[in-house]
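Note that the structure is a prediction, hence the values are computed from the model and not measured.
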Amino acid sequence: MNIYVSNIPFKMKEEELANLFTEFGDVTSCRIIKDKITHRSRGFGFVEMEQGAQEAIDALNGKEVMGLVLRVNEARPRE
C-alpha cells in the first residue's frame, strides 16, 4: 500500500521517516518530496509498504515528531 505522509518536519531525512514505519512492517520505498529549485523538503512524502500499512496509518496519524503532528493516510491516485 502507498501511504501519504504530510506535515513532515523539514529537517527529517528519508531514513528517519522510514524508521518510523519499520516497526509495523517492511518499508519497500520511502520518498520525501523536495522543491525542484531549492532541493528543500516540501513537508510531505510517500511510504510504500506491503504489510502492516493500515496498522502504521492508525498508529502514526496524529503522532508528534520533532514538534509537528504527522498526518498519515492511504495515498490516492492523482486526478
(Q) For a quick test of reading the model, state the closest non-hydrogen atom pair linking Pro9 to Leu68 and the distance between them. (A) CA-CD1, 3.6 Å

Q: Report the C-alpha distance between Ile57 and Phe24 in whole Å, list the side-chain angles of each, state the deciding distance to 0.1 Å, and finish with yes or no for side-chain contact (heavy atoms from CB on, under 4.5 Å).
A: CA-CA 9 Å; Ile57 290 170; Phe24 304 100; over 6 Å; no

Hey, are the side chains of [X] and [Y] touching, using non-hydrogen atoms and a 4.5 Å cut-off?
X: Met49; Y: Asp26; value: no
X: Asn61; Y: Arg71; value: yes
X: Ile3; Y: Asn73; value: no

Taking distance alone, no hydrogens or angles, what donor-acceptor pairs closer than 3.5 Å link side-chain atoms of residues 36-48 to residues at least two apart or in another chain?
unit_1: Thr38; atom_1: OG1; unit_2: Asp35; atom_2: OD1; d: 3.3
unit_1: Thr38; atom_1: OG1; unit_2: Arg40; atom_2: N; d: 3.4
unit_1: Ser41; atom_1: OG; unit_2: Gly43; atom_2: N; d: 3.0

**Q.** Approximate separation, where rounding is to 0.5 Å, of Met66 CE and Asn7 CG
**A.**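 Answer for the CE-CG pair, Met66 versus Asn7, is 13.0 Å.
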
(Q) Tell me whether the count of non-hydrogen atoms from other residues, nucleotides or ligands lying under 6.0 Å of CD in Gln54 goes above 12. (A)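 Yes, the 6.0 Å shell around CD holds more than 12 heavy atoms from other groups.
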
Q: Answer yes if Leu60 and Val65 sit in the same cluster of Ile, Leu, Val, Met, Phe, Trp and Tyr residues linked by side chain heavy atoms under 4.5 Å apart, and no otherwise.
A: yes

Q) So which residues get pulled into Phe10's cluster when ILVMFWY side chains under 4.5 Å apart are joined, directly or through others? A)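 Members alongside Phe10: none; it stands by itself.
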
Which atom pairs, one a donor and one an acceptor, fall under 3.5 Å between side chains of residues 12-22 and the rest of the protein, sequence neighbours left out?
unit_1: Glu14; atom_1: OE2; unit_2: Ile32; atom_2: N; d: 2.9
unit_1: Glu16; atom_1: OE1; unit_2: Lys13; atom_2: N; d: 2.7
unit_1: Asn19; atom_1: ND2; unit_2: Glu15; atom_2: O; d: 3.2
unit_1: Thr22; atom_1: OG1; unit_2: Asn19; atom_2: O; d: 2.9

